[in-house]
Amino acid sequence: MKYVLEFTDADLDRPLTEPEKMAEVVREMFDGERPVRTKDVAEKRRRDYVTIKTHLHRAGRLGLLINVPRKGWKVPQLTA
């Protein structure tokens, strides 16, 4: 196949999904040490706790966040 185009997510202009939005909020709130609580994210976004919790867990499954049980959420550290 001589003429094949390959696309990545960076090539597509699409809006962020809810889990991606939640990961952005956690990145803004994360201080580098203490996990960000689900309750705090819900208050910042002014949305229902259960809905936020669902989106945070989806972000965790996508590898965008790390869940610390009974503590909150952390941002994965990128290693170079």
Side-chain angles (χ1 to χ4, degrees):
M1 294 172 58
K2 191 174 180 182
Y3 302 104
V4 176
L5 295 176
E6 292 184 20
F7 293 97
T8 63
D9 285 341
D11 296 319
L12 304 174
D13 185 25
R14 63 173 179 77
L16 293 177
T17 62
E18 287 300 316
E20 290 170 335
K21 290 177 188 176
M22 294 304 116
E24 287 292 322
V25 171
V26 171
R27 278 190 205 102
E28 291 172 6
M29 296 175 71
F30 186 60
D31 65 0
E33 292 181 22
R34 291 187 342 218
V36 177
R37 298 182 315 164
T38 302
K39 178 183 173 186
D40 296 334
V41 176
E43 287 175 3
K44 181 170 177 120
R45 296 285 296 184
R46 295 182 179 166
R47 302 220 8 227
D48 181 52
Y49 174 86
V50 177
T51 304
I52 296 298
K53 180 180 172 184
T54 300
H55 292 309
L56 288 171
H57 280 279
R58 286 180 180 168
R61 277 187 257 132
L62 292 171
L64 301 173
L65 297 173
I66 297 172
N67 183 16
V68 181
R70 296 181 188 87
K71 301 281 186 200
W73 298 91
K74 288 186 172 184
V75 178
Q77 300 299 323
L78 300 176
T79 56

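Heavy atoms only: backbone and side chains are in, while hydrogens, waters and symmetry mates are out.
One hydrophobic cluster, built from ILVMFWY side chains closer than 4.5 Å, holds both Val75 and Val41.
Take Thr54 and apply the side chain to side chain donor-acceptor pair (under 3.5 Å) test, not counting sequence neighbours, and it matches no residue. With sequence neighbours left out, the salt bridge (charged side-chain N to carboxylate O under 4.0 Å, His left out) criterion links Arg46 to no other residue. Residues satisfying the salt bridge (charged side-chain N to carboxylate O under 4.0 Å, His left out) test with Arg45, not counting sequence neighbours, are none.
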Taking only distance into account, with no hydrogens and no angle test, what donor-acceptor pairs under 3.5 Å do side-chain atoms of residues 55-63 form with protein atoms, sequence neighbours excluded?
none

Donor-acceptor pairs are to be reported for all side-chain atoms of residues 21-38 against protein atoms at under 3.5 Å, with residues two or more places apart or in another chain.
from  : atom 1 : to    : atom 2 : distance (Å)
Lys21 : NZ     : Glu18 : OE2    : 3.2
Glu24 : OE2    : Arg27 : NH1    : 2.8
Asp31 : OD1    : Glu33 : N      : 2.9
Asp31 : OD1    : Arg34 : N      : 3.0
Arg37 : NE     : Asp40 : OD2    : 3.2
Arg37 : NH2    : Asp40 : OD1    : 3.1
Thr38 : OG1    : Trp73 : NE1    : 3.0

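Evaluation of the salt bridge (charged side-chain N to carboxylate O under 4.0 Å, His left out) test over residues 64-74, restricted to residues two or more places apart or in two chains, returns none.
Hydrophobic side-chain contacts under 4.5 Å tie Tyr49 into a cluster, directly or through other members, with Val50.
Atoms CD1 and CD, on Ile52 and Glu43 in that order, are 11.0 Å from each other to the nearest 0.5 Å.
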